[in-house]
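Worksheet: one structure, shown below.
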Amino acid sequence: METPHKILILDDDADWLELCRETFSRLPSKPEIRTITSSSRALGMLESEPFRLLICDLKMPRMDGLQVLSVVRRRFPGLRTIVLSGLEDEEFRSRAYALGVDLFWLKSDMQQNSKMFLDCIESLLGRDSDGGFRGIQSKGLMDIIQMECLSRSSTVLRITRGPLIAKLWFQEGELFDAEVEGARGEAAFRRILAWKSGSFENLPAEPGRERTIIKPINALLLESAQDMDENANPATETQFFAASHRETTWKLSLLAREGAEFVISVPPEGLGEPEAFGTQANDHLAAWTSKSLEIARRLGEKIEAGPLSHLVANGMEKQLTVLSHNKKAFLVGWTLDADTNQLLEQTKKLVASWDS
Amino acid sequence: MGFLKKITRLFRSRAAIQQLPVGSVTVDRDGRIITSTVSSTYPVELLGEIGRGVLALFREARSAQLPLTEVSVHFGSLLVTARELRGGTIIFLQPQSSLSQPPT
């Protein structure tokens, strides 16, 4: 028999908790409801037993809801969270969403639209008892492509990885075109296949599209797998230099395409050396990149301003963007005449491509 | 004035949530706040933290031979923009919401 999901409701008002308990007992999946009035004890409970959902008030003594949510976000990233507050303020709503809550609901709305609210909670709890499949989990892109081919589908597979978008065109199970960041055909397909994560969706087929890929899919997949294997484990010195040369050329072309002057990527301490393209002064710039992110992160935590997104700095000669991506810190240098409004988007694209 | 503040504090609910700061602050090179248009309800210690954090960003940049004239720190719900002022800084604090302009 399946164990019911557990919901923890945190609010400093005991009467309100009683009302919530009564309301949530109407949920079809009959989850186990626990209530608590103290933020610190709530965090202790989350440590000691697994919960599926935390419903949290914002205005509470000692440790407010935003502080609780920022701790929860760090310590329990898989826990779903709902803010149930009486504060009708756009600022608090945005701050809560910036902390990654799944839902922000006003207490007055919960009472007026209790059915809709319960539906939302039920959906967040993700009942498995309905049966059926919801999405594909833990499948690599190769598996997804092979499934499209085996099922002889005619479709366009749109793959998104952060700001990067790629498309693969299938007609009756044959891959006939691929496109990513201005590249097309087999080269684009190989680049897409190197992506390790992302999301995808199926779009309607486009049978009239020009064919750029002639090779059968199995041959392409085999060649790409061999390429990735050689890049990861070069067997000879020549293979090593060839792979390294390909990577350098690719990264320099990315720099040129986005119009950036230089990129420095800094891995977490002890996990490798900083990598710089387009500048010689990588040591002190790499040190500044890590330090500035650290200073900004600490400041954000102290003033409860939500997670750090990025930094933009202007110097005498250049503009700089600093952000962190996949645990690495990135510093990208731009000329002073680069369009400030586009900097973040361009940096994100560059960094996402860089890391793939 | 002092009497009113005491009364307000006495009857203020203990349950509270920290508002985000809005306005501008001028900080000297030692991190002292010179002028501020941020609401007086916002804790001065936190304003000091913001000032010191921003000065540290400029200082680290200088020691990396990268003198900066302006730094913007984009948090999920607050934009902190600081301009260098002869060792000190002027800081603009602007809460971000879904209605705000997208960050640049």
Side-chain angles (χ1 to χ4, degrees), chain A residues 12-13 57-62 64-67 85 87 89-100 281 283-289 291-292 295-300 302-320 322-323 339-345, chain B residues 12-22 25 38 42-84 89 91 93-104:
Chain A
D12 60 332
D13 182 345
D57 186 19
L58 284 186
K59 206 171 155 187
M60 287 183 292
R62 284 185 281 280
D64 68 45
L66 292 173
Q67 287 172 304
S85 169
L87 293 166
D89 189 321
E90 186 57 34
E91 181 194 311
F92 294 134
R93 186 187 290 268
S94 336
R95 284 170 74 182
Y97 279 122
L99 285 168
D283 280 350
H284 59 264
L285 287 181
W288 179 74
T289 307
K291 269 187 191 160
S292 58
I295 292 168
R297 249 186 234 119
R298 263 190 276 131
L299 178 62
K302 276 181 190 158
I303 61 175
E304 294 176 36
L308 175 68
S309 160
H310 64 286
L311 276 89
V312 179
N314 287 353
M316 297 294 186
E317 292 161 5
K318 47 182 76 78
Q319 301 183 74
L320 305 163
V322 186
L323 51 78
D339 183 357
T340 318
N341 296 320
Q342 298 295 320
L343 279 191
L344 176 62
E345 204 51 40
Chain B
R12 189 187 292 162
S13 161
R14 286 180 63 208
I17 184 166
Q18 185 62 62
Q19 291 274 353
L20 285 172
V22 194
V25 194
V38 176
Y42 192 76
V44 183
E45 305 83 61
L46 291 183
L47 268 191
E49 288 287 352
I50 296 173
R52 283 189 289 279
V54 166
L55 285 178
L57 285 175
F58 282 120
R59 194 175 48 244
E60 291 296 340
R62 272 196 301 274
S63 52
Q65 291 150 33
L66 191 76
L68 299 177
T69 52
E70 186 174 307
V71 176
S72 305
V73 188
H74 297 251
F75 295 107
S77 47
L78 183 72
L79 170 62
V80 180
T81 307
R83 291 201 185 113
E84 213 265 345
T89 177
I91 303 167
L93 301 162
Q94 191 183 350
Q96 301 292 291
S97 72
S98 48
L99 303 174
S100 309
Q101 292 283 320
T104 55

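Hydrogens, waters and symmetry mates are skipped; everything else that's a heavy atom, side chains included, is used. Just so you know, these numbers come straight off a predicted model, no measurement behind them.
Contacts between A:L323 and chain B at a heavy-atom distance below 4.5 Å are absent for every atom of the residue. For A:K302, the parts lying under 4.5 angstrom from a heavy atom of chain B are both the backbone and the side chain. With a 4.5 Å cut-off on non-hydrogen atoms, A:A287 does not touch chain B at all.
Closest approach of A:L299 to B:E49, counting heavy atoms only: CD1-O, 3.6 Å.
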Under 3.5 Å, side-chain donor or acceptor atoms of residues 63-70 of chain B against the rest of the protein: list the pairs with distances, not counting sequence neighbours.
| residue | atom | partner | partner atom | Å |
| --- | --- | --- | --- | --- |
| B:S63 | OG | B:R59 | O | 3.3 |
| B:S63 | OG | B:E60 | O | 3.0 |
| B:T69 | OG1 | A:N314 | O | 3.0 |
| B:E70 | OE1 | B:R83 | NE | 2.8 |

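Atoms CG and CG, from B:L57 and A:L311 in turn, are 6.0 Å apart once rounded to the nearest 0.5 Å. Of the inter-residue distances, the one linking A:H310 atom NE2 with B:F75 atom CZ reads 11.5 Å to the nearest 0.5 angstrom. Between the CG atom in A:L344 and the OG atom in B:S72 there is a gap of 11.5 Å [rounded to 0.5 Å]. The OG atom of B:S77 sits 14.5 Å away from atom OH of A:Y97, with the distance rounded to the nearest 0.5 Å. Distance check, rounded to the nearest 0.5 Å: CZ of B:F58 to CD1 of A:I295 gives 11.5 Å.
Chain B forms the most heavy-atom pairs under 4.5 Å with one residue out of A:L308, A:V322, A:L66, A:D57, and that residue is A:L308. Comparing A:G315, A:A305, A:A313 by how many heavy-atom pairs each has under 4.5 Å with chain B, the most go to A:A305. Your options are B:V73, B:L78, B:L46, B:L20, and the one with the most heavy-atom pairs under 4.5 Å with chain A is B:L20.
Scored by the side chain to side chain donor-acceptor pair (under 3.5 Å) test, B:Q19 finds no partners at all (sequence neighbours excluded).
Considering only heavy atoms from C-beta on, A:V312 stays 4.5 Å or farther from B:V71 through its side chain.
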